[in-house]
There are 2 protein chains.
Amino acid sequence: MTQLDTPPYYVVIFTSQRTDVDQAGYSAAAEQMEELASRQPGFLGIESVRDVDGFGITVSYWADLAAIEAWKSQADHVGVQRVGRKRWYESYRLQVARVERAVEFPPSR
Amino acid sequence: MTQLDTPPYYVVIFTSQRTDVDQAGYSAAAEQMEELASRQPGFLGIESVRDVDGFGITVSYWADLAAIEAWKSQADHVGVQRVGRKRWYESYRLQVARVERAVEFPPSR
């Protein structure tokens, strides 16, 4: 991912606990949403990890708050958010933050 | 974790790729650092996930930038950072960000 060594930019931090139902449906939707997000204006990247107990952290990177707002309101995404609350997530926390400092190792230049 | 529904507060996002060496040493140090961090002034919480391929995301939560700066400079932590670059991490990105909005599900109140 480029640009992430030159703040400011914005992140959405999504921490979540999966329910234990519908793994196939969830995986398909997650993959589709990542693909869709990557085509949104201002998208800079996404990183995601989930452990065997179903706890996950996803960080998506955006150029500005307007880009995050547009992705939040994207029609297919809104539908998937609804299913997430009904079915896939026991709990989650979504945080929007402004990155003020970034360091990479090894140094990128 | 309390306080995380009332921004602003700060996060350190640490994404990293582990080398495949010294799992025991790494695990012991990680546990020790988490314990030490939790006793720092301004510490609000920490969440961490690593997948089977050794890619991990750790998010730690802090009251302000001064708390992050103090933790960065903590003597034992500085030593462990050095070992991390030499031995445990193939690569990492460390980002400091100001959380401006947070939403929890189910709603915390």
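Excluded from the calculations below are hydrogen atoms, water molecules and symmetry mates; all remaining heavy atoms, backbone and side chain alike, are included. Convention: sequence-line order gives letters A, B, ...; per-chain numbering from 1.
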Select one option (side chain, backbone, both, neither) describing which atoms of [X] are under 4.5 Å from chain B's heavy atoms.
X: A:Phe14; result: neither
X: A:Thr15; result: side chain
X: A:Val103; result: both
X: A:Ile13; result: side chain

Completion exercise
Heavy-atom closest pair (B:Phe105 atom, A:Glu90 atom, distance to 0.1 Å) is CE2-O, 4.0 Å
Problem - Closest contact, heavy atoms only, A:Glu47 versus B:Ile57 - result: O-CD1, 3.8 Å
Exercise for the section: Would you indicate whether the side-chain heavy atoms of B:Arg50 and A:Asp51 approach each other to under 4.5 Å? Expected result: no
Practice task
Would you mind reporting whether A:Glu100 and B:Leu65 have side-chain heavy atoms less than 4.5 Å apart?
Solution key: yes
Practice task
Nearest 0.5 Å please: distance from the CD atom of A:Glu104 over to the CD atom of B:Gln95.
Solution key: 8.0 Å
Problem - Interface moiety of B:Ser16 toward chain A, non-hydrogen atoms closer than 4.5 Å - result: neither
Exercise for the section: Using non-hydrogen atoms and a 4.5 Å limit, figure out which bit of B:Val49 sits close to chain A: side chain, backbone, both or neither. Expected result: both
Handout entry: Selection from A:Tyr89, A:Tyr10, A:Phe55 maximising heavy-atom pairs under 4.5 Å formed with chain B
Key = A:Phe55
